[in-house]
Asker: 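I have a structure I would like to understand better, so I am pasting it below and will then ask my questions one at a time.
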Amino acid sequence: MVSMPQGPVLSGVLDLITWGKLGDDGPWFEYVSEPEGYDVHVVKQGETDELSRYECRVLESIDEKFGRLDRFVLRDLSHELPEWQDPHGSSRPIDPAEILRAADHAAAEIERIAAEAEELWLFRAVRKQARG
């Protein structure tokens, strides 16, 4: 997650949208079109079995509320988020703890979430290494 001039983004997703196919992009382009400008669209609905019903409802709610907004309106809204800080033409990493603090999570809870995220990251790294 990074702050960029147009708002906060997931840099890996932005790379896929900006540059299109570059080598092995995994399953991304099986489900998402190659970019036309900065626009992409769903080309195939994916399975949602790894998402809970709650997560699916959250995503649907976000799409309902923001999915039809003009990109510049969405950009302006994103500039109001406390975790976004103007990178002055560059990019600036967003610490996930900043988002949790902005959502009024207690310090102990932020530490617990960070520890769980680190554990998950390590698990995925080991699993990826084992697959070769």
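What you are looking at is a predicted structure, and each value in this text was computed from that prediction instead of being measured.
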Asker: Regarding R68 and D63, does a basic nitrogen lie under 4.0 Å from an acidic carboxylate oxygen?
Answerer: yes
Asker: Does S3 reach the main-chain N or O of Q85 with its side chain, forming a donor-acceptor pair under 3.5 Å?
Answerer: yes
Asker: As a quick check of understanding, evaluate side-chain contact (heavy atoms from CB on, under 4.5 Å) for V42 and V32, giving each step before the final call.
Answerer: CA-CA 5 Å; V42 174; V32 179; 5.7 Å; no
Asker: Looking at P5, is its backbone amide N or carbonyl O close enough to the side chain of H79 to form a donor-acceptor pair, meaning the two atoms are under 3.5 Å apart?
Answerer: yes
Asker: What are the two closest heavy atoms between M4 and L14, and how far apart are they?
Answerer: SD-CD2, 3.5 Å
Asker: Surrounding CD of E119 (heavy atoms of other residues, nucleotides or ligands, distance under 6.0 Å), is the total greater than 12?
Answerer: no
Asker: Identify, with sequence neighbours excluded, every residue that meets ring-ring contact (aromatic ring centres under 6.0 Å, His included) alongside H105.
Answerer: none
Asker: What's the separation between atom CG in L81 and atom CD1 in I94, rounded to the nearest 0.5 Å?
Answerer: 8.5 Å
Asker: For the CZ atom of F72 and the CG atom of L77, what is their distance to the nearest 0.5 Å?
Answerer: 13.5 Å
Asker: Taking all heavy atoms of H88 and all of D86, pick out the closest pair and write down the distance.
Answerer: N-OD1, 2.8 Å
Asker: Nearest 0.5 Å, what's the CZ-CD distance between R92 and E83?
Answerer: 10.0 Å
Asker: Does one hydrophobic cluster hold both Y54 and L59, with members joined at side-chain heavy-atom distances below 4.5 Å?
Answerer: no
Asker: Verify side-chain contact (heavy atoms from CB on, under 4.5 Å) between I17 and W28, making sure each step is shown before the conclusion.
Answerer: CA-CA 10 Å; I17 292 170; W28 174 269; 4.2 Å; yes
Asker: Got a salt bridge between R101 and E98, using NZ or NE/NH1/NH2 to carboxylate O under 4.0 Å?
Answerer: no
Asker: Is a side-chain donor or acceptor of W84 paired with a backbone partner of V2 at a separation under 3.5 angstrom?
Answerer: no
Asker: Following the transitive rule for hydrophobic clusters with a side-chain heavy-atom cut-off under 4.5 Å over Ile, Leu, Val, Met, Phe, Trp and Tyr, establish whether I99 and V13 coincide in one cluster.
Answerer: yes
Asker: Is there a path from M1 to I113 through hydrophobic residues (I, L, V, M, F, W, Y) whose side chains come within less than 4.5 Å of each other?
Answerer: no
Asker: How close do S33 and V40 get, counting heavy atoms only, and between which atoms?
Answerer: OG-CA, 3.4 Å
Asker: One pair to check against side-chain contact (heavy atoms from CB on, under 4.5 Å): F66 and L74. What are the steps and the verdict?
Answerer: CA-CA 7 Å; F66 301 106; L74 193 56; 4.1 Å; yes
Asker: With a 4.5 Å limit on heavy-atom distance, are the side chains of V43 and F29 in contact?
Answerer: no
Asker: Can you tell me how far CD of E109 sits from CD of E111, rounded to the nearest 0.5 angstrom?
Answerer: 11.5 Å
Asker: Please report the interatomic distance CD(E36) to CD(E34), rounded to the nearest 0.5 Å.
Answerer: 9.5 Å
Asker: V58 and L69: same hydrophobic cluster, using ILVMFWY side-chain contacts below 4.5 Å?
Answerer: yes
Asker: To the closest 0.5 Å, what do you measure between CG (D76) and CZ (R71)?
Answerer: 12.0 Å
